[in-house]
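As the structure lists them, so they are numbered: ligands from 1, and atoms in each ligand from 1.
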Amino acid sequence: MLETASPTPVTAADLDRAESLIRSIPDFPQPGVTFRDIMPLLADARALRDCVRAMIAPFEGTFDVVAGVEARGFLLAGAAAMLADVGLIPLRKAGKLPKPAAAESYDLEYGTATIEATEEVRPGLRVLLMDDVLATGGTLAAADRLVRALGGEVVGTTALMELTALGGRAHVPEAHVLFRV
Ligand SMILES: O=P(O)(O)OC[C@H]1O[C@H](OP(=O)(O)OP(=O)(O)O)[C@H](O)[C@@H]1O
Ligand SMILES: Nc1ncnc2[nH]cnc12
């Protein structure tokens with residue numbers, strides 16, 4: 001049985017506890033940005049497990065792989081792939097993959113970036129996209145384009161938290177998120 005099918009569901013209280021472990025750092029990485037630091041949450045076994053289970057629960061049985069966006073998305077996607085007993089596809093920042101099959105560029109809250117994927121994203125592969133933060137939505141929208149450009153099927157998008165003031169949901173309207181700040 002998959003871990004996500006555990007008879008003990010993740011409760012609202014579990015998620016409140018996990019959310020309390022997200023640290024807000026003012027003016028990082030630049031003045032005016034409040035950085036939402038998930039390191040305390042990741043360091044807590046119960047919070048990490050509860051969050052990953054809740055992030056993938058709505059999609060159980062619908063995906064062949066989890067694709068995580070470098071770097072923080074890797075941490076959650078790796079844990080999710082193990083829980084769901086599926087493979088992991090890292091979507092890497094430009095220049096890291098020796099043999100990229102496709103690339104997509106996008107704007108960030110603080111800068112611009114390009115992500116790349118390998119040919120392991122094959123036509124018809126059912127992919128669950130995963131990241132820590134939905135901010136402007138540029139990253140997850142680019143990840144969606146990237147997977148589709150290689151013929152993959154995006155079955156869903158899941159993030160730990162949404163920074164609502166940045167309006168990213170307009171770019172990924174179906175995204176499943178645990179926390180809204
Ligand atoms: O919705 P968006 O505006 O696109 O922003 C969200 C992205 O920004 C952060 O990544 P970042 O590029 O800072 O990289 P990191 O994970 O390597 O820290 C975060 O981990 C998301 O991937
Ligand atoms: N404010 C923020 N905090 C943490 N991660 C982010 N990614 C984009 N914006 C972010």
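Atoms of ligand 2 lying under 4.0 Å from any heavy atom of V133, numbered from 1 in the order shown and given with element: 5 (N), 6 (C), 7 (N). Those atoms of ligand 2 with a heavy atom of R72 less than 4.0 angstrom away are 4 (C), 5 (N), 6 (C). Interface of T34 with ligand 2, defined as ligand atoms under 4.0 Å from a residue heavy atom, comprises 1 (N), 2 (C), 3 (N). Residue-ligand proximity, A135 to ligand 2, at heavy-atom distances under 4.0 Å covers atoms 8 (C), 9 (N). Within ligand 2, counting atoms from 1 as listed, the ones closer than 4.0 Å to a heavy atom of L163 are 1 (N), 2 (C), 9 (N), 10 (C).
Between V154 and R148 there is a side-chain heavy-atom pair separated by less than 4.5 Å.
Polar contact check, T139 against ligand 1: a nitrogen or oxygen pair lies under 3.5 Å apart. Ligand 1 has an N or O atom lying under 3.5 Å from an N or O atom of A71, backbone or side chain. The N/O atoms of A135, backbone and side chain alike, include one that comes under 3.5 Å of an N/O atom in ligand 1.
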Working note: K93 + E70, criterion salt bridge (charged side-chain N to carboxylate O under 4.0 Å, His left out); need CA distance, chi angles, decisive distance, verdict. CA-CA 6 Å; K93 298 277 169 65; E70 186 167 1; over 6 Å; no
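Taking 4.0 Å as the cut-off, K93 counts as a neighbour of ligand 1 on heavy-atom distance. In this structure, G137 counts as a contact residue of ligand 1, since one of its heavy atoms falls inside 4.0 Å of the ligand.
A salt bridge between K99 and E119 is present, with a side-chain N of the basic residue lying under 4.0 Å from a carboxylate O of the acidic one. A salt bridge is defined here as a Lys NZ or Arg NE, NH1 or NH2 lying under 4.0 Å from an Asp or Glu carboxylate O, and E162 with R180 meets this definition.
For T136, heavy-atom contacts with ligand 1 shorter than 4.0 Å involve the backbone as well as the side chain.
Partners of A102 according to the side chain to side chain contact (heavy atoms under 4.5 Å, CB included) rule, which considers only residues two or more places apart in sequence or in another chain, are L146, L150.
No side-chain donor-acceptor contact under 3.5 Å links D132 to the backbone of G73.
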